Q: 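Have a look at this one.
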Amino acid sequence: MEEFSPERRSGCGILNAVFGKRNFWPRRTTSTGSLHIINNNNNVINDKTAANSNTKRRRSGSDETEFFGPEAPPSKPSVKSVPNHPKPHQQNLVQKPVVEPSRATTTATQGYGNGNLGRKMPKETISISGELESMIVDHQKAKGNSNLLRASSSNMMIYGNLGNLRQPAAGGNTTTNSYNVAKDNVSTPNGKYPNTVMGNVVKKPVEEKRKEEQQQPASLCRALSTRMDPEQLKFMGNEDYKNGRFGEALALYEAAIAIDPNKASYRSNKSAALAALGRVLEAVFECREAIKIEPHYHRAHHRLANLYLRLGDVEKAIYHYKHAGLEADQDDIAKARTVQTHLNKCTEAKRRRDWNSLLKESDSAINDGADSAPQIFSLKAEALLKLHRHQDADKTLLGGPIFNFDDLNKYFGPIGNANLLVVRAQVDMAAGRFDEALGAIQRAIKLDPNNKEANTVMRKARAVAVARSNGNEHFKASKFSEACLAYVEGLEHDPHNAVLLCNRAACWSKLGHLEKAVDDCTLALNLRPAYTKARLRRADCNFKMKKWEASIQDYTILVRETPENEEVKKGLSQAQMQLNKQNGEVV
């Protein structure tokens with residue numbers, strides 16, 4: 001009986017007319033590398049023999065070869081090995097040539113994680129894939145990295161969990177195929193892959209992992225490995241939230257929302273995670289969405305009321321407490337009314353320019369619940385500036401809430417945000433951050449061009465910045481008199497600027513006016529007690545005037561604040577030695 005061979009087709013004209021030029025035998029989906037081949041003597045040849053004798057007839061670009069490399073290490077197989085025992089239905093089969101698919105076809109197939117070329121994917125799978133693509137892009141934009149890669153049509157994993165799709169080894173003994181997948185010796189814990197989903201070849205150059213990627217939480221990976229069940233994602237997020245893993249919980253809630261964006265509880269829980277991370281404004285926006293979906297959601301109303309209280313928006317807080325049902329009680333409303341009383345007193349104190357009262361009431365409002373209200377922190381900082389406590393004003397803003405510029409605009413509006421920026425610019429200028437001050441006030445004027453205070457601060461900031469720059473240029477050129485005049489000009493616009501006072505003290509010292517230098521340093525230190533440069537300059541001037549005790553006092557503080565500064569230690573030692581000599585003590 002004549003054998004079928006890869007080179008021969010059926011000689012029947014009827015079959016050719018019916019089936020065209022297609023081969024009569026159905027195409028096999030398995031790799032030809034595992035088939036037994038019959039030679040011309042009807043003898044079965046095993047895989048290894050066929051691999052040596054029929055190299056030209058075998059497909060050189062098969063999926064297995066491209067994926068695992070020319071030869072997979074026998075000690076670490078990538079797939080479970082199959083015994084090479086012949087089966088009855090394979091005895092008379094002849095190896096058929098496999099047509100290598102085009103790159104475009106292979107890419108399209110790999111994109112859905114389907115091993116069968118040409119199979120039409122279900123519509124539901126494609127829609128889930130689209131959602132995953134969107135989630136990957138959103139995560140990368142939010143985190144600024146690209147460590148999420150597709151693993152299959154319904155899963156995605158962190159790049160480090162892709163099994164044997166590894167980055168190139170440090171030694172460089174790796175081979176990269178056309179899809180940029182490194183083929184090296186895979187090191188896996190306990191001989192297993194981190195995830196059973198091998199995934200597809202990712203067409204992306206392998207990049208060096210950044211430090212933050214190594215610390216990336218695996219919750220999002222776990223989330224999307226749950227077959228996209230939003231309730232399961234919510235449950236996992238709740239567990240992370242209870243254990244204080246707020247970042248992981250947030251990722252899980254976001255994954256649940258991506259699947260079912262119209263579930264109020266997912267958005268309310270996301271709001272709680274955002275609030276725990278200090279992202280209070282974002283938490284408000286998310287909680288609003290939850291109430292928009294479910295207007296009578298009591299827990300969301302109570303959560304939003306708490307957020308409004310923290311932001312100092314007391315009227316809105318009371319409104320939502322009243323709509324929170326049993327979630328809220330009279331104590332909540334009473335607490336909100338207490339904060340409202342402090343805010344009313346703040347408004348009155350500012351109107352009367354009673355800065356001590358403004359400082360007291362703003363501090364009370366913060367302590368009684370408005371701990372994330374930027375406008376209240378701004379009032380406190382303004383009061384401290386007016387009281388010439390510049391260092392405390394700077395600490396107040398640095399210790400206050402820090403929100404995204406766009407979020408502030410969205411919540412407070414352009415005018416409200418402009419008022420915050422005006423105070424920020426004044427604090428920056430008092431601390432000697434002139435460039436930052438100019439940037440802040442320029443943004444304020446852009447938001448509210450009619451803000452008179454903002455325009456006044458802009459003129460002041462420009463004048464002070466120019467005076468300081470001119471003075472520095474003259475000082476570098478050893479023109480100390482001209483430098484002193486430049487700093488004086490700046491002080492005319494801002495008489496209590498510690499940086500200009502300290503710089504003028506340096507000029508006085510160079511000109512031999514040590515008493516004037518000490519006076520300017522003292523003024524600067526009254527504004528900013530931790531101003532190291534001013535204290536060091538005063539200590540040096542007192543040393544030159546042989547005021548040993550005053551010099552020792554400043555040097556002692558400097559040694560405590562800057563213990564690594566050898567110059568300070570040397571100055572203290574010399575001052576102590578001179579004081580001992582003056583007192584007639586043996587050194």
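All values below come from the heavy atoms of this structure, side chains included, with hydrogens, waters and symmetry mates left out. Computed from a predicted model, the values in this text were never measured in an experiment. One-based numbering along the sequence shown.
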Q: Run the numbers on E549 and Q553 for side chain to side chain contact (heavy atoms under 4.5 Å, CB included), then give the verdict.
A: CA-CA 6 Å; E549 293 180 351; Q553 184 177 0; over 6 Å; no
Q: So do N497 and F434 actually touch side chain to side chain, heavy atoms under 4.5 Å?
A: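 They are in contact (side-chain heavy atoms under 4.5 Å apart), so the answer is yes.
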Q: Is there a side-chain contact between P401 and V280 in this structure, where contact means two heavy atoms from C-beta onward sitting under 4.5 Å apart?
A: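 No, too far: nothing below the 4.5 Å cut-off.
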Q: Is there a side chain to side chain contact (heavy atoms under 4.5 Å, CB included) between L250 and R279? Walk through the geometry before answering.
A: CA-CA 11 Å; L250 176 60; R279 296 158 64 177; 3.5 Å; yes
Q: Measure the spacing between CG of L527 and NE2 of H390 and express it to the nearest 0.5 Å.
A: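 So the CG of L527 and the NE2 of H390 are separated by 5.0 Å.
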Q: Of all heavy-atom pairs between V339 and G369, which one has the smallest distance, and what is that distance?
A: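 V339 and G369 have their closest heavy atoms at CG2-N, 4.4 Å.
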Q: Listed by chain and number, what are the side-chain hydrogen bond (donor to acceptor under 3.5 Å, both in side chains) partners of N404, not counting sequence neighbours?
A: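 Listed in chain order: nothing, the list is empty.
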Q: Is any side-chain heavy atom of E282 closer than 4.5 Å to a side-chain heavy atom of D407?
A: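 Yes, their side chains come closer than 4.5 Å.
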Q: Got a sec, which pairs hit side chain to side chain donor-acceptor pair (under 3.5 Å) with one end in residues 411-426, sequence neighbours left out?
A: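 Side chain to side chain donor-acceptor pair (under 3.5 Å) check on residues 411-426 returns D313-Y411, N409-N417, N419-N451.
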Q: Does the Y321 side chain pair with the main chain of E327, one donor and one acceptor, at a distance under 3.5 Å?
A: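 No, Y321 side chain to E327 backbone: no donor-acceptor pair under 3.5 Å.
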Q: Say whether, by atom type as modelled, one donor and one acceptor occur between the side chain of S268 and the main chain of A264 under 3.5 angstrom.
A: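 Such a contact is absent between S268 side chain and A264 backbone.
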Q: Considering non-hydrogen atoms only, spot the tightest contact between N455 and P449 and give its length.
A: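 Reported closest heavy-atom pair: ND2-O, 3.4 Å.
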Q: Over all heavy atoms of both residues, which pair between L277 and G247 is shortest? Give the atoms and the distance, please.
A: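 In terms of heavy atoms, the two residues are closest at CD2-N, 4.1 Å.
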Q: Output all residues satisfying salt bridge (charged side-chain N to carboxylate O under 4.0 Å, His left out) with E361, sequence neighbours left out; order by chain, then residue number.
A: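 Per chain and number, E361 pairs via salt bridge (charged side-chain N to carboxylate O under 4.0 Å, His left out) with no residue.
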Q: Can a donor-acceptor pair be found, under 3.5 Å and without considering hydrogens, that links the side chain of D428 to the backbone of D435?
A: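 No.
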Q: Could you tell me whether the side chain of D554 reaches within less than 4.5 Å of the side chain of L536, counting heavy atoms only?
A: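 No, too far: nothing below the 4.5 Å cut-off.
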Q: Partners of Y297 by side-chain hydrogen bond (donor to acceptor under 3.5 Å, both in side chains), sequence neighbours excluded?
A: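 For Y297, no residue satisfies side-chain hydrogen bond (donor to acceptor under 3.5 Å, both in side chains) once neighbours in sequence are set aside.
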Q: Under 3.5 Å, is there a donor-acceptor pair between the side chain of T396 and the main chain of D392?
A: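 Yes; at least one donor-acceptor contact below 3.5 Å.
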Q: For A317 and L309, which heavy atoms make the closest approach, and how far apart are they?
A: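 Taking every non-hydrogen atom into account, CB-N, 3.8 Å.
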Q: Please identify each residue that fulfils side-chain hydrogen bond (donor to acceptor under 3.5 Å, both in side chains) with N542, with sequence neighbours left out.
A: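 Here no residue qualifies.
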Q: Name all residues meeting the salt bridge (charged side-chain N to carboxylate O under 4.0 Å, His left out) criterion together with E436; count only those two or more places apart in sequence or in a different chain, and write none if there are none.
A: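 With sequence neighbours excluded, E436 shows a salt bridge (charged side-chain N to carboxylate O under 4.0 Å, His left out) to no residue whatsoever.
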Q: Below 30° counts as parallel, above 60° as perpendicular, anything between as tilted: where do the rings of Y319 and H323 land?
A: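 The rings of Y319 and H323 sit tilted, inter-plane angle from 30° to 60°.
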Q: When you check the side-chain N and O atoms of Q340 and N344, is any donor under 3.5 Å from an acceptor?
A: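 Yes, because at least one side-chain N or O of Q340 sits under 3.5 Å from a partner of the opposite role on N344.
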Q: Within a strict 4.5 Å, meaning less than it, do heavy atoms of the R389 and L359 side chains meet?
A: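 When only atoms from C-beta onward are counted, L359 and R389 do touch, with a gap below 4.5 Å.
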Q: Evaluate the side chain to side chain contact (heavy atoms under 4.5 Å, CB included) criterion for residues R310 and N306: first the C-alpha distance (whole Å), next the side-chain angles of each, then the deciding distance (0.1 Å), finally the verdict.
A: CA-CA 6 Å; R310 294 185 64 185; N306 288 334; 5.6 Å; no
Q: Quick one: pull up CZ in F480 and CG in L485 and give me the separation to the nearest 0.5 Å.
A: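 F480 atom CZ to L485 atom CG measures 14.0 Å (nearest 0.5 Å).
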Q: What I want to check is whether the side chains of N472 and Y487 have a donor and an acceptor closer together than 3.5 Å.
A: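 Judged by distance alone, the side chains do pair up.
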Q: Can any side-chain N or O of S364 pair as donor or acceptor with the backbone N or O of K360 at less than 3.5 Å?
A: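 Yes: the side chain of S364 pairs with the backbone of K360.
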Q: Please identify which of these residues, H320, H302, H301, meets the ring-ring contact (aromatic ring centres under 6.0 Å, His included) condition with Y308.
A: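 Among H320, H302, H301, the one that satisfies the ring-ring contact (aromatic ring centres under 6.0 Å, His included) with Y308 is H320.
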Q: If you round to the nearest 0.5 Å, how far is CZ of R267 from CD of E289?
A: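 If we round to the nearest 0.5 Å, E289:CD and R267:CZ are 5.5 Å apart.
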Q: More than 12 heavy atoms of other residues, nucleotides or ligands under 6.0 Å from CZ of R353: yes or no?
A: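 Counting other residues, nucleotides and ligands, CZ of R353 stays at 12 neighbours or fewer.
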Q: Kindly say whether K270 contributes a backbone atom to a donor-acceptor pair with the side chain of Y241 at under 3.5 angstrom?
A: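 Side chain of Y241 to backbone of K270: no pair is present.
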Q: Where do I552 and A575 come nearest, in terms of heavy atoms and distance?
A: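 Taking I552 first and A575 second, the nearest heavy atoms are CG1-CB, 3.5 Å.
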Q: Return each pair, listed once, that meets salt bridge (Lys or Arg N to Asp or Glu O under 4.0 Å) where at least one residue sits in residues 512-531; pairs must be two or more places apart or across chains.
A: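 Salt bridge (Lys or Arg N to Asp or Glu O under 4.0 Å) check on residues 512-531 returns R504-D520, E515-K547.
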Q: Y253 versus N238: any side-chain heavy-atom pair under 4.5 Å?
A: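 Answer yes - side chains close enough.
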Q: Would you list the pairs meeting side chain to side chain donor-acceptor pair (under 3.5 Å) in which at least one residue belongs to residues 558-570, sequence neighbours left out?
A: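 Residue pairs with at least one partner in residues 558-570: there are none.
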Q: Starting from the C-alpha separation in whole Å, work towards a yes-or-no answer on side-chain hydrogen bond (donor to acceptor under 3.5 Å, both in side chains) for Y531 and N526.
A: CA-CA 9 Å; Y531 195 179; N526 290 337; over 6 Å; no
Q: How about D448 and P414: do any of their side-chain heavy atoms sit closer than 4.5 Å?
A: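 Side-chain contact under 4.5 Å: no.
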Q: Does atom NZ of K335 have more than 12 heavy-atom neighbours from other groups under 6.0 Å away?
A: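 No, not enclosed.
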Q: What residues form a side-chain hydrogen bond (donor to acceptor under 3.5 Å, both in side chains) with D394, not counting sequence neighbours?
A: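 Partners of D394 under the side-chain hydrogen bond (donor to acceptor under 3.5 Å, both in side chains) test: R433.
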Q: Once rounded to the nearest 0.5 Å, what's the spacing between atom CG of L379 and atom OG1 of T347?
A: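 Rounded to the nearest 0.5 Å, the CG-OG1 separation comes to 7.5 Å.
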Q: Minimum heavy-atom separation for L421 and A440, please, with both atom names.
A: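 L421 and A440 have their closest heavy atoms at CB-O, 3.8 Å.
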Q: Sub-3.5 Å donor-acceptor pair from the side chain of S551 to the main-chain atoms of A539, do we have one?
A: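 Yes, the answer is positive, given that a donor and an acceptor are paired below the 3.5 Å cut-off.
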Q: Just jot down the salt bridge (charged side-chain N to carboxylate O under 4.0 Å, His left out) partners of D540, sequence neighbours excluded, or say none.
A: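 Partners of D540 under the salt bridge (charged side-chain N to carboxylate O under 4.0 Å, His left out) test: K544.
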Q: Output all residues satisfying salt bridge (charged side-chain N to carboxylate O under 4.0 Å, His left out) with K380, sequence neighbours left out; order by chain, then residue number.
A: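 Applying salt bridge (charged side-chain N to carboxylate O under 4.0 Å, His left out) to K380 gives D363.
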Q: Please report the interatomic distance OG(S362) to CZ(F377), rounded to the nearest 0.5 Å.
A: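 Taking OG in S362 and CZ in F377, the distance rounds to 9.5 Å.
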Q: Looking only at atom types and distance, does a side-chain atom of R537 sit under 3.5 Å from a main-chain N or O of C502, one as donor and one as acceptor?
A: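 Here the side-chain-to-backbone pair exists.
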Q: Is there side-chain contact between K395 and L384, with heavy atoms separated by less than 4.5 Å?
A: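 Sidechains of L384 and K395: no contact.
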Q: Give a yes or no on whether the backbone of A465 and the side-chain of S469 come within a donor-acceptor separation of less than 3.5 Å.
A: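 No, because the side chain of S469 does not come within donor-acceptor range (under 3.5 Å) of the backbone of A465.
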Q: Sorted by first residue and then second, give each salt bridge (Lys or Arg N to Asp or Glu O under 4.0 Å) pair with at least one member in residues 457-482; sequence neighbours left out.
A: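 Residue pairs with at least one partner in residues 457-482: K460-D494.
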Q: When rounded to the nearest 0.5 angstrom, what distance separates CZ in R245 from CG in L252?
A: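 That separation rounds to 9.5 Å.
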Q: Could you walk me through whether Q375 and L420 pass the side chain to side chain contact (heavy atoms under 4.5 Å, CB included) check?
A: CA-CA 7 Å; Q375 74 278 18; L420 298 177; 4.2 Å; yes
